[in-house]
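Scroll down for the structure; my scribbles are underneath it.
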Amino acid sequence: MAPQTRGLSFPKVVIERDSDSEESSSEEEDLEEEEEAEVENDAGEESDEGHVEEKDEPSTSTKSRREPITISLKKVCKVCKKPGHEAGFRGATYIDCPMKPCFLCKMPGHTTMTCPHRVATEYGVAPAPFKSTHSSMEYVFERQLRCRISAIKPTFVIPNQVNCAVIRYHSRRVTCLEFHPTRNNILISGDKKGQLGVWDYLKVHERTVYGNIHGCILNNMKFSPLNDGTVYGASSDGTVSSTDLETGMSLTLVNLNPDGWQGPNSWRMLYGLDMNFDKGILLAADNFGLFYMVDTRSDNIIGKPILIHKKGTKVTGLHCHPLQPDLLLSCGNDHFARIWDMRRLEAGASIYDLPHKRVVNSAYFSPQTGSKILTTSQDNRLRVWDSIFGNLDSPSREIVHSHDFNRHLTAFRAEWDPKDASESLVVVGRYISENYNGVALHPIDFIDVSTGQLVAQVMDPNITTISPVNKLHPRDDVLASGSSRSIFIWRPQENFELKRPRDESRIVLCGKGEKYRKGKFQDDSDDDLDNDAYGSKSSKTKKPNLKSKARGFKQKR
DNA sequence: AAACCATGATACC
DNA sequence: TGGTATCCCTGGTT
């Protein structure tokens with residue numbers, strides 16, 4: 001395995017960040033120097049010592065003077081619009097704007113690069129070794145060391161290697177994943193278009209996508225506890241569906257927009273979905289703060305909708321307690337997670353309100369005893385309440401973790417490991433990237449929420465996109481992750497090294513792969529063809545390979 | 001290679 | 001309170 005360049009890139013970066021003048025930075029990297037020289041040449045040709053303001057000239061005058069619209073020649077930070085520094089990728093390392101609060105922990109005074117939370121997940125949760133230090137170098141060093149150590153606790157088995165995948169499986173980004181409750185190798189997936197995928201990841205090539213179930217985002221899915229061939233879905237088209245996985249036949253149980261599109265103020269979207277198996281009713285919640293109970297036999301909404309979150313705000317999730325059928329957990333855009341008693345479900349009657357600083361993407365009871373609560377909030381913090389029977393006034397722990405909101409990404413949701421008897425292992429995708437061998441990768445983090453420690457961070461050189469959707473298998477040591485339109489299955493691998501050659505027959509390439517196939521491999525028939533998109537050694541066709549795909553990576557030539 | 005686009009929460013007035 | 005400008009690590013296509 002090639003020596004890691006992490007060690008090289010970070011110190012360099014730190015030096016550059018602190019420099020105000022561009023000259024000093026250019027001593028460091030020839031690459032940068034070249035780029036900047038070019039820019040300045042262009043500037044000369046245009047013979048306009050551009051002021052930023054110039055670009056606002058009306059287009060007519062610009063035309064008459066035959067001058068191209070002046071680009072601000074003074075380099076300006078794209079974040080704060082001030083000169084003297086620039087935010088953005090330098091190679092595979094992202095440089096924050098120093099004028100803004102830390103992108104990770106949202107506190108002012110430092111950048112992501114030197115954020116103590118980036119060094120140690122448990123910073124601020126439990127004493128961390130470098131807690132009182134203020135030297136960025138020390139943080140950086142600590143980080144490098146940390147990555148070398150395989151931080152896998154013996155008790156936790158971490159699926160750390162991609163075992164199989166379907167690349168560009170869905171036609172839009174993946175929004176949710178569920179493992180089949182009884183058939184071990186079946187994974188179902190929902191996407192932004194409302195389509196539902198069924199994939200047998202053991203027989204890698206066996207997969208289907210059902211397209212006619214929903215009109216837009218499939219936000220949550222839930223298997224029927226009575227019939228595991230049936231799955232329910234809640235969608236932003238305002239419907240709850242019931243789909244037979246074998247046939248793809250789908251029924252609409254509920255439609256909250258029977259009159260069609262009447263404008264955004266009336267269009268109702270369903271997000272949260274769960275099933276109360278005790279009563280045999282489906283629970284769903286919408287973007288106006290309302291909660292619905294659906295009788296799956298009569299397909300009727302039971303009673304009137306109940307306002308469970310601030311009027312007009314989205315309820316992002318619902319979760320029934322695994323043992324106490326009367327307990328319900330909800331979360332929403334009003335910055336609250338709420339615990340409810342199903343027997344007394346009415347507006348304002350929540351048992352507890354758990355406040356957050358931002359939108360709450362998800363809230364889950366712990367999977368086995370249901371005594372803990374885990375929430376993911378857009379303030380970049382995971383919160384854990386250790387006992388719902390104890391003091392709920394404040395969370396037992398807040399763990400700073402990068403899972404920011406981005407309108408183009410599926411919202412991150414930290415998920416419990418359903419197999420972990422200690423109910424402490426959690427998986428969650430990471431937004432900010434790490435520079436790995438000059439490639440920006442977004443790992444999937446395994447966090448021990450009892451300590452806040454990062455147990456493992458898994459990544460693959462070929463997955464350069466963010467993986468906001470993750471699910472751990474209820475029985476097997478398997479992780480499923482959804483990243484953009486693709487789905488990956490991870491399994492544990494000892495002595496795992498990134499870049500290890502892998503079994504390419506277990507990678508299915510869909511969609512645009514066809515193009516490559518026609519051009520380069522005049523191969524046949526159907527898209528089950530194994531491509532080398534994933535491979536390390538293979539031909540020049542490959543876009544998705546490290547270098548070409550790496551963000552901001554400039555190939556030296 | 002660069003431009004463009006899709007489009008949700010939020011800050012701010 | 002409501003309308004609206006704004007937006008930093010996106011991902012894909014033209």
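Each chain gets a letter, A, B and so on, in the order the sequences are listed, and its residues count up from 1.
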Which residues pass the side-chain hydrogen bond (donor to acceptor under 3.5 Å, both in side chains) test with [X], not counting sequence neighbours?
| X | result |
| --- | --- |
| A:His403 | A:His401 |
| A:Lys471 | A:Glu178, A:Glu415 |
| A:Arg383 | A:Asp379, A:Glu398 |

Separation of [X] atom [atom1] from [N] atom [atom2], in whole Å?
| X | N | atom1 | atom2 | result |
| --- | --- | --- | --- | --- |
| A:Lys193 | C:dG12 | NZ | C1' | 14 Å |
| A:Tyr431 | C:dG11 | OH | P | 8 Å |
| A:Leu104 | C:dC9 | CG | C1' | 12 Å |
| A:His442 | C:dC8 | NE2 | P | 17 Å |
| A:Glu86 | C:dC8 | CD | C1' | 13 Å |
| A:Asp96 | C:dC8 | CG | P | 11 Å |
| A:Ile466 | C:dG11 | CD1 | C1' | 9 Å |
| A:Asp191 | B:dA6 | CG | C1' | 15 Å |

Starting at the 5' end of nucleotides 7-13 of chain B, put B wherever the base has a protein heavy atom under 4.0 Å, S where only the sugar-phosphate does, and a dash everywhere else.
BBSSS--

Tell me every residue that passes side-chain contact (heavy atoms from CB on, under 4.5 Å) with [X], counting only those two or more places apart in sequence or in another chain.
| X | value |
| --- | --- |
| A:Ser350 | A:Arg338, A:Trp340, A:Asp353 |
| A:Asn219 | A:Ile217, A:Ser236, A:Tyr271 |
| A:Arg172 | A:Lys192, A:Lys193 |

Polar pairs (N or O, both sides) under 3.5 Å between protein and nucleotides 1-3 of chain B?
none

Looking across every strand, which nucleic acid part, if any, lies under 4.0 Å from A:Lys78 by heavy atom: base, sugar-phosphate, or nothing?
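Sugar-phosphate contact only.
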
Applying a 4.0 Å non-hydrogen cut-off, can you work out what A:Phe103 is touching in the nucleic acid: base, sugar-phosphate, or nothing?
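If one applies the 4.0 Å heavy-atom cut-off, A:Phe103 turns out to touch a base.
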
Parallel, tilted or perpendicular for A:Tyr123 and A:His117, by the 30°/60° rule?
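If you compare the ring of A:Tyr123 with that of A:His117, the planes turn out perpendicular.
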
Expected output check: what is the dot-bracket annotation of DNA chain C, where ( ) and [ ] are pairs inside the strand (brackets for crossing ones), | is paired with another strand, and pairs are Watson-Crick or G-U under 3.5 Å?
.||||||..|||||

Backbone N or O of A:Asn257 within a donor-acceptor pair of the A:Asn255 side chain at under 3.5 Å?
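A pair under 3.5 Å: yes.
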
Going by the rule ring pair (Phe, Tyr, Trp, His ring centres under 6.0 Å), which residues pair with [X] if we only count those two or more places apart in sequence or in a different chain?
| X | value |
| --- | --- |
| A:His335 | none |
| A:His170 | none |
| A:His214 | none |

Below 4.0 angstrom from OP1 or OP2 of C:dG12, is there any side-chain N or O of A:Ser484?
yes

